[in-house]
Amino acid sequence: MFPGRWRFGSDRHGEVDLFTDRYDLSAETLSQAIRAAASEEPDADGSVLFGHLQGTVVGLRYYSGVVNQGEMVGLVRQPQNQYDRNAVMVANIYGNQVGHIKRELAAAMAHVMDNNLAKVEGVVHSGTKNSFTMPLMLSFWGKEENQNTVKENMARRGFKLNTGGGKATGANQNSQGARALSKKGVTILLTPDELKNAFDNLFDGLMESEDGEKQAAEAVGTPLLPHQKQALSWMCARENKSALPPFWERRGELYYNRLTCFSAKEIPERVRGGILADDMGLGKTLTTIALILTNFHKGKPLPVEKCEEPPSPAKAKTKPEKPSRVEGSSSAGDGAGVTDAAAAGSKHTNISQVEVICVDSADEVDKSDKSTGKGKKKAAKRKPVKEAPKCFEDLDFAAALGGSAAPTSLKKKKTATPTTSVDSSITESADDLSARTTLILCPLSVISNWLDQFEQHVRANVKLNVYLYYGAERNRSKAFLSSQDVVITTYNVLSADFGNKSPLHGINWLRVVLDEGHVVRNPQAQMSKAVLDLKGQRRWILSGTPIQNSVKDLWMLLAFLRLKPFDAREWWNRVIQRPVTQGDRAGLQNLQTLVKCITLRRTKGSEVNGRPLVAMPEKTVCVEQVELSQSEREEYELARNEGRNTIGRYVTEGTVLRNYADVLAILIRLRQHCCHPDLLSKTSLDLGAAATPAEMRERLIEKLRFVLASGSDEECSVCLDSVRLPVITHCAHVYCRPCIAQVIGTEQETARCPLCRSEIKTNELVEFPQEEMEEEKNTNPDKWRTSSKVQALMGNLLRLRCEDSSIKCLVVSQFTRFLTILETPLREHGFSFVRFDGTLSQKKRTQVIQEFQSPAADGPVIMLLSLKAGGVGLNLTAASHVYFMDPAWNPATEEQCIDRCHRLGQTRNVFVTKFIVKGSVEENMVKIQKQKQDLVEKAFGCRNPDRKTSRMDEIKALMEL
DNA sequence: ACCGCCGGGTGCC
DNA sequence: ACCGCCGGGTGCC
């Protein structure tokens, strides 16, 4: 694992200068090695403290790493050490080597560490002034089952782990090693409820908006709302200001981290960037665009060319089949796009045609020569460099011309300024001023949104080079990419390129932006690695929901932001994750501080100075009860009684969970009865007398497929959220693939289904396609019939049209087939509508949304929307009325759907109507929804520990059993 | 390292 | 003295 090259320490000559020089170089690889090792280590969750041990660090005089009183140090095995293959290296938090563990102790520890029997951590409480050795308090952490092995192993070599006394902890507040000794009162433990509560509120109340507001650069055509100016100001400050990162403070000549007690002469590398976690609809995209244009180097706006002719704003150079642009709204934009696409290959050729205007004319470096561009090529850039005073300007210039100057710049910098220079003017010293480009990563579904927003918000006369790095023909030239102002790509493209001489990883970006950053979560995933490997001076995460499930998810974000030292898993685990999961109040506080320092989050409801952040139009939600006709009622009752009998039988037999799929199928049929009789699948799903258990199982799985295929928004019993990437288990239960993978991962061979405790195996999981269209059978319009719910909807729509024909509506159902049924009466009454569901291609989606959002008088007034389609980020503000045809299990899913039109940009008051059939499962579903919501509001996620019983109770309540 | 350990010098009191 | 003692050289793994 560790390359031999850092045997550097073994050289005896110890000439200090030479040594420090090489040391500097090696420190890089060393900390990388530590990081690599640490990222593989298991989670700190569930570790127990085996005990403490007093040890000795030796060889201090050979290394430059220093430690402070109370400082935490890292222990790294060094199996390649030529003197002792048991060697254990001691390093401080920046990965600077401090010394080694004394030989005999190292020999004992090596076995424990190599076999992953325990994680050994060290804190130095005293003796930091010694120049040869120092005492070190070691603590051993690991899985309970390894405790005795470890203790015996250590004892055999004469080291007794000390479990009793709390002497081990130092006076320092980090209480390292003390948190297991709760009885000593050193740590105040939180109850699980408190913990959950605090955690859920982690992102609340973060914004104090002391930053004031900042005007966007001239190139931003859209006036920013006050809260967006605040965000811009905050983001600029985070990129430019030299404020110390969290937990660091100045102590005399040194910078000191009060969490780890680490100190350094140099100012700690601050995080240039952070998390913008505003609610959706508050304009994260616009703010980010403003940031790109407003805050280039030295706080000056991005130098952009201005064109005489006003036609095209942001021109995305896109490959021909690029979604949004093809049927692009404005012809002008189209034309420009094509030109650019053509020019993309032979970069810059068209540039000399446009006048170059120095936006940042005030920039000091411009003093050199202000005359217009010298020669065609140079006209492309803002700064003529006749007598450039510093080399980086040369590089800046070169890079701006499209060269990748990164390697050169590194060398030049080295010679120009000694590495050890303590530069007090921190502002830009660490920068590579040649970096120009902002890289934006996002899920495929929001690409078109970015392109649209660039087009919409960048002034028409400004030429911003935006390149969509997507599709087979994408331009992989680093020179080309780093000459752009903005490069947009998807996470998938990034991970596809990763490891495959990815140009994206070869560029030192000015800025890397992760949109919907919470999608990058699992550190093991290739995508995460690809993201973490990106080089960028400034780093941003945009996310409406920064925490999905747990503290663990946060690590990925901090690692991306390079928030030292927590980007290394070991320190994250030691200082934050383990304390928090073990309920340590101080740990939680630290986490809160951490998050607070780097995050801006406002919700739609947030207020600033007593005034709402955004004046949102009002939202009114009402339930419209629907009476079934007599014949519908009869059919429903028939089905209900039958279902009730079946489920009642399962209840008395205690086999509800084993027949869960069947239960769901019964429920869904009842729900379908409530909507429309023709929704009921013709394929008979009677269980009949199943011959063998295998057959039985097959049928159950089949039923579950049927439930999912109908579009129903089912719940995953692991994350308790709507199921994403559904997979069906052998025992016919459905979970999110990642959720169940986690269960299998943690339970190993003995993994069992969380619902029925049957054994589950990864290879037996059945995939279910995200949104599968059922074959459109028996939708013969001739045989079309209505239903009470259809009537109720049509009544509303017709009334609305009389009142105001310009109002647009969303008609939402979980059942895509219901949407199909609804098409007939809509056509009949002359409504113009579009349909949006999960089966649409990306290209189609953009097209449909554009069509719907377009204010054209003869445009569609209704969108038939499948509940789960599209995910976050859809902008449907053209609609102001929402009709939910059927209730969902998960109220949040409905909320999300409403948010697509009740968001920034909505000008009308929003009315939401939920159709609920009186005296039916639907009513019961709504009751349960409400209960869940109350629960959430009261005890914030004090989740029922036994999902099985609560699920059972729900089912009984639904069937009135 | 104000230690321990090594090995050479040395050797009554 | 095949010892003890002294004092200089030396020192992570």
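Protein chains get the first letters and strands the later ones, always in sequence-line order, with residue 1 at the start of each. All values below come from the heavy atoms of this structure, side chains included, with hydrogens, waters and symmetry mates left out.
- Using a 4.0 Å heavy-atom cutoff across all strands shown, A:I101 reaches sugar-phosphate atoms only and no base atom.
- The nucleotide C:dC12 finds no pairing partner, because no Watson-Crick or G-U wobble arrangement with both distances shorter than 3.5 Å includes it.
- Rounded to whole angstrom, the span from the OH atom of A:Y62 across to the C1' atom of C:dC13 amounts to 10 Å.
- For the pair A:N86 CG and C:dC12 P, the interatomic distance rounds to 17 Å; values are reported in whole Å.
- We find that CD of A:E104 is positioned 13 Å from P of C:dC12, with the value rounded to whole Å.
- Salt bridge annotation for A:R574-A:E570: present, with a cationic side-chain nitrogen under 4.0 angstrom from a carboxylate oxygen.
- Looking at A:Y63, its side chain comes within 3.5 Å of the base of C:dC12 through a donor and an acceptor atom.
- Contact check on A:R272 versus A:E239 returns no salt bridge, with no Lys/Arg side-chain nitrogen under 4.0 Å from an Asp/Glu carboxylate oxygen.
- Across the protein-nucleic acid pair, A:R103 atom CZ and C:dG11 atom P stand 15 Å apart, rounded to whole Å.
- The shortest distance between side-chain heavy atoms of A:E249 and A:Y255 does not fall below 4.5 Å.
- Not a single donor-acceptor contact under 3.5 angstrom links the side-chain atoms of A:D84 to the base of C:dC13.
- Straight-line distance from the CG atom of A:N130 to the P atom of C:dC12: 15 Å, rounded to whole Å.
- Between A:E121 and A:K119 there is no salt bridge, since none of the side-chain N atoms of the basic residue sits less than 4.0 Å from a carboxylate O of the acidic one.
- Stacking between A:Y83 and C:dC12 is absent: the aromatic ring centre is not both under 5.5 angstrom from the base six-membered ring centre and within 30 degrees in plane angle.
- Between the CE atom of A:M89 and the P atom of C:dC12 there is a distance of 17 Å, given to the nearest Å.
- Comparing C:dC6 with C:dA1, their C1' atoms are spaced 15 Å from each other, to the whole Å.
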Just the table, please: protein N/O against nucleotides 1-3 of chain B N/O, every pair under 3.5 Å.
from  : atom 1 : to    : atom 2 : distance (Å)
B:dA1 : N1     : A:R61 : NH2    : 3.4

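- In terms of the salt bridge (charged side-chain N to carboxylate O under 4.0 Å, His left out) criterion, A:R61 has no residue partners (sequence neighbours excluded).
- A salt bridge (Lys or Arg N to Asp or Glu O under 4.0 Å) check over residues 91-117 of chain A, counting only residues at least two apart or in different chains, returns the pairs A:R77-A:D114, A:D84-A:R103.
- Pair assignment for B:dC2: none, as no Watson-Crick or G-U wobble contacts are both less than 3.5 Å.
- Whole-Å rounding puts the A:L60 CG to C:dC12 C1' distance at 9 Å.
- Here the side chains of A:L439 and A:I507 are not in contact, with every heavy-atom distance at 4.5 Å or above.
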